[in-house]
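Here is the structure we will look at.
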Amino acid sequence: MEIIPLVIPFPAEFGRAGKGTNSYLVKGSGKCILIDTGLDGEGNRAYINDALKRASGGRLDAILLTHGHIDHYGLASYLHQKTGAAIMINEKDSCYLDAYEKSIDEWFGRIYEPAVEGGFSKKELDDAKMMMRIVARIMNAPKEYTTFRYLRLDLDGWTVDSIDLPGHTMGSVGYVVGDSVFCGDAALDGGVNVLDLKEEFVTLQKLKIFKKAYAGHGKTPLGPQDIETLEGRFISRLESVLKASRQGATLKEIYEKVYFESTSNPYIPYRLVHPLNQLISYLRYLESEGYVAKSGNRWMSFSEKI
Ligand SMILES: [Zn+2]
């Protein structure tokens with residue numbers, strides 16, 4: 001069994017030039033699978049075709065998605081049409097493929113009210129939402145795919161098993177091959193988007209079991225020590241939220257202290273909305289753990305340490 005890591009760049013219109021999604025071709029004696037695809041685009045199609053040709057002569061048996069974000073499934077539809085490979089995703093994340101725009105609306109629904117109450121203008125939120133919907137519209141969501149609750153694939157002498165890794169999205173999974181796991185965005189550093197932090201901390205414990213965790217962006221593979229470092233970053237980000245709300249502060253005031261850098265360019269939607277969504281997740285977690293309380297539109301922390 002051989003693992004071939006690929007980095008599929010973000011096209012420039014996605015606003016994060018220079019970055020990309022880690023995808024992985026995994027091939028055995030006869031079969032070849034792809035874990036996550038990266039975003040669609042002419043250059044990316046050529047790149048993945050070339051990689052596939054070299055790895056397996058163009059054969060692709062399955063496309064396994066770690067979760068339903070567009071930067072992980074973007075090329076799936078194209079590859080499915082070209083190779084016939086089945087696209088598989090956990091049933092809890094299939095909503096993203098069914099209607100990405102709807103999932104953006106729901107995601108916004110979660111942050112809209114607290115954001116307006118916390119001092120953000122409706123206009124800047126609406127602008128950010130519109131830009132995200134435009135990006136979603138130009139992307140090609142797969143229409144034919146298979147959902148699973150748990151997945152086991154037998155591939156000529158080796159197996160792939162899914163493992164639930166919720167937090168980043170509620171349907172995030174990893175794919176276990178031997179002592180490695182392909183974990184998508186379940187292992188990202190503390191500054192990025194997590195829907196449920198309580199779940200994410202459990203997920204990080206699970207990831208420490210594996211010798212190698214193949215991540216969805218940036219450095220890969222990660223070892224247990226790297227996962228420990230990520231956990232530490234979440235804690236320090238939580239503590240910076242506690243510090244910012246020590247004297248009582250609105251969501252916007254906390255946002256500006258914790259993500260000062262991001263506010264310099266608020267009209268790139270990912271620079272406004274992802275940290276905002278993240279901050280709301282942090283505050284909900286801290287509230288449920290008894291570290292902060294909300295009175296009116298102000299958050300107040302009881303300590304600066306977790
Ligand atoms: Zn993601």
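These figures come from a predicted structure and were not determined experimentally. Read the numbers this way: they start at 1 and go in the same order the structure lists the ligands and their atoms. When reading the values below, keep in mind they use all heavy atoms of this one structure, side chains included, and skip hydrogens, waters and symmetry mates. In this chain, residues are counted from 1 in sequence order.
- Of all N/O/S atoms in Asp185, OD2 sits nearest the Zn ion (ligand 1).
- Salt bridge absent: Arg298 and Glu117 never bring a charged side-chain N and a carboxylate O closer than 4.0 Å.
- The Zn ion (ligand 1) has no N, O or S atom of Asp71 under 2.8 Å away, backbone or side chain.
- In His168, the N, O or S atom that comes nearest to the Zn ion (ligand 1) is NE2.
- Side-chain contact check for His67 and Asp185: at least one donor-acceptor pair (N or O, by modelled atom type) lies under 3.5 Å.
- Annotation: angle subtended at the Zn ion (ligand 1) by His67 NE2 and His69 ND1 is 100°, to 10°.
- Checked for salt-bridge contact, Lys102 and Asp98 miss the test: no charged N lies under 4.0 Å from a carboxylate O.
- No hydrogens or angles considered: a donor-acceptor pair under 3.5 Å links the side chains of Thr169 and Asp93.
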